[in-house]
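The block underneath contains the structure these notes are about, expressed in structure tokens.
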Number of protein chains: 2
Amino acid sequence: MTGSVTAQPSLTVGDLARASGVAPSAVRFYETHGLLTSERTPGNQRRFREPDVCRAKIIRVAQRVGLSVAEIRGILAELPTDPSLHDWQHLATRIATEANYRIQQLRRVLEDITSGQKLCELPPDDRTP
Amino acid sequence: MTGSVTAQPSLTVGDLARASGVAPSAVRFYETHGLLTSERTPGNQRRFREPDVCRAKIIRVAQRVGLSVAEIRGILAELPTDPSLHDWQHLATRIATEANYRIQQLRRVLEDITSGQKLCELPPDDRTP
DNA sequence: CTAGAAGTTCAACAATGGTTGAAGTCAAGC
DNA sequence: GCTTGACTTCAACCATTGTTGAACTTCTAG
């Protein structure tokens with residue numbers, strides 16, 4: 001029933017690095033920290049699969065949002081090995097939510113800053129009338 | 001003409017730490033990295049002055065905005081030793097500008113994320129019609 | 001004057017996010 | 001079958017932002 005299986009293309013570290021724009025050393029780093037997963041050839045070389053290209057790109061996006069590697073591992077852990085369109089969208093929503101949260105936080109700081117004296121009560125004028 | 005000089009109060013590391021909510025070790029760290037300046041007693045102990053309390057608090061605010069120690073050193077370097085109200089306001093504006101910039105950046109990421117396929121082109125559906 | 005609190009320096013450690021280099025192995029084309 | 005490029009692991013190193021502890025000194029109150 002599985003017509004023309006297409007032999008799921010597998011990518012070497014270098015392939016994934018080129019495809020995702022992430023350095024090979026970073027790819028390995030992400031793997032040892034559980035953000036990416038690979039299978040191994042009989043010769044112990046990593047082989048990644050297509051969705052990992054997307055995963056790798058998303059790691060970078062998530063980092064721009066300010067998420068730590070640990071946090072990214074957490075949200076990527078919820079992504080199935082072979083994600084559906086919906087899975088990807090859910091992930092995007094998760095990250096977008098985080099981004100919005102960080103924006104809120106920054107806005108709060110901004111308010112503290114611009115609300116005048118809250119930044120720091122100024123030293124009293126020494127010429128007390 | 002300088003009536004009642006009021007002997008400019010000077011603060012120890014501990015005083016500054018308590019007044020600003022920054023740990024003594026952090027105060028020393030900031031001093032060695034040029035964010036804070038002190039004079040020394042004949043016995044080599046640091047003595048800070050009032051405006052340093054404000055400086056220390058501002059360092060924390062700037063960090064919440066996402067500025068690095070090096071960046072904060074840069075903007076604090078422009079602040080006079082004994083800042084006027086205007087100087088503080090200028091500083092606040094500088095930091096607020098940075099905060100707005102970071103917010104813009106985050107919004108851009110957010111757009112990339114929410115604009116669907118830009119996050120990462122999804123793998124083509126295997127049931128090509 | 002002296003005890004104790006608080007200060008000093010310096011080095012080491014920690015977590016985060018990787019990069020770099022050494023030494024060795026695998027895979028692919030000719 | 002051999003060469004060459006790409007892969008492997010591991011340890012060391014980098015920058016950043018501090019904290020902690022040891023060993024020693026200073027300050028202040030009684």
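Quick note on labels: first sequence line is chain A, next is B, and so on, each numbered from 1.
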Can a side chain N or O of B:Thr41 be found less than 4.0 Å away from OP1 or OP2 on C:dG7?
-> no
From CG of B:Leu16 across to C1' of C:dG7 the rounded distance in Å is 14 Å
Looking for any heavy atom pair under 4.0 Å, which part of the strands does A:Arg18 touch: base, sugar-phosphate only, or nothing?
-> nothing
Distance below 4.0 Å between A:Ser68 side-chain N/O and C:dT16 OP1 or OP2 | no
With respect to the phosphate group of C:dG7, does any side-chain polar atom (N or O) of B:Thr12 fall under 4.0 Å of OP1 or OP2?
-> yes
Spacing of A:Ile58 atom CD1 and A:Ser20 atom OG [to the nearest 0.5 Å] = 11.5 Å
Length of the line joining B:Glu71:CD and D:dA15:P, which is rounded to integer Å = 17 Å
Nearest-nucleotide comparison on DNA chain D, the residue closer to the 5′ end among B:Ala70 and B:Pro42 | B:Ala70
Closer to the 5' end of DNA chain C via nearest nucleotide, is it B:Gly14 or A:Ser25?
-> B:Gly14
Can you figure out which of D:dC7, C:dG18, D:dG18 approaches the side chain of B:Gln63 most closely?
-> D:dG18
Do B:Val69 and B:Ile59 pass the side-chain contact (heavy atoms from CB on, under 4.5 Å) test, and can you show the C-alpha distance, the side-chain angles, and the key distance before you say yes or no?
-> CA-CA 8 Å; B:Val69 163; B:Ile59 291 170; over 6 Å; no
Can you tell me how far the CZ atom of B:Arg64 sits from the CG atom of A:Asp112, to the nearest 0.5 Å?
-> 5.0 Å
Taking OP1 and OP2 of C:dG18, is either one under 4.0 Å from a side-chain nitrogen or oxygen of A:Tyr30?
-> yes
Taking CD1 from B:Ile72 and C1' from D:dT16, how many angstroms apart are they, rounded to a whole number?
-> 12 Å
Proximity to the side chain of A:Ala26 - top-ranked nucleotide from C:dT19, D:dT8, D:dT17 | C:dT19
Measure from the side-chain heavy atoms of A:Val69 and tell me the nearest of D:dT17, C:dG18, C:dA27.
-> C:dG18
Selected nucleotide, minimal atom distance to A:Gln45 side chain, candidates D:dT8, D:dC27, C:dT19 = D:dT8
State whether B:Arg60 places a side-chain N or O below 4.0 Å from either non-bridging phosphate oxygen (OP1 or OP2) of D:dG18.
-> yes
B:Glu31 and its salt bridge (Lys or Arg N to Asp or Glu O under 4.0 Å) partner, picked from B:Arg55, B:Arg47, B:Arg40 | B:Arg40
What pair of heavy atoms forms the shortest contact from A:Ala96 to B:Ile113, and how long is it?
-> CB-CG2, 4.1 Å
Give a yes or no on whether a salt bridge exists between B:Glu98 and B:Arg102, defined as a side-chain N under 4.0 angstrom from a carboxylate O.
-> yes
For nucleotides 9-12 of chain D, give me every protein contact, N/O to N/O, under 3.5 Å, one pair per line with atom names.
{"unit_1": "D:dT9", "atom_1": "OP1", "unit_2": "A:Arg40", "atom_2": "NH1", "d": "3.2"}
{"unit_1": "D:dT9", "atom_1": "OP1", "unit_2": "A:Arg40", "atom_2": "NH2", "d": "3.3"}
{"unit_1": "D:dT9", "atom_1": "OP2", "unit_2": "A:Arg46", "atom_2": "NH1", "d": "3.0"}
{"unit_1": "D:dT9", "atom_1": "OP2", "unit_2": "A:Arg46", "atom_2": "NH2", "d": "2.7"}

Could you state the atom-to-atom distance from CD of B:Glu31 to C1' of D:dT17 in whole Å?
-> 16 Å
Whole-Å distance, B:Glu39 CD to C:dT8 C1', equals 18 Å
Show the numbers, then the answer: is there a side-chain contact (heavy atoms from CB on, under 4.5 Å) between B:Ile72 and B:Tyr30?
-> CA-CA 10 Å; B:Ile72 299 171; B:Tyr30 296 148; over 6 Å; no
Rounded to whole angstroms, how far apart are CG on A:Leu35 and C1' on C:dT16?
-> 13 Å
Step-by-step side-chain contact (heavy atoms from CB on, under 4.5 Å) determination, A:Leu16 to A:Val22 = CA-CA 8 Å; A:Leu16 177 54; A:Val22 170; over 6 Å; no
Euclidean distance, atom CG of residue B:Leu67 to atom C1' of D:dG18 [Å, nearest integer] | 17 Å
Given atom CZ of A:Phe29 and atom P of C:dA15, what is their separation to the nearest angstrom?
-> 13 Å
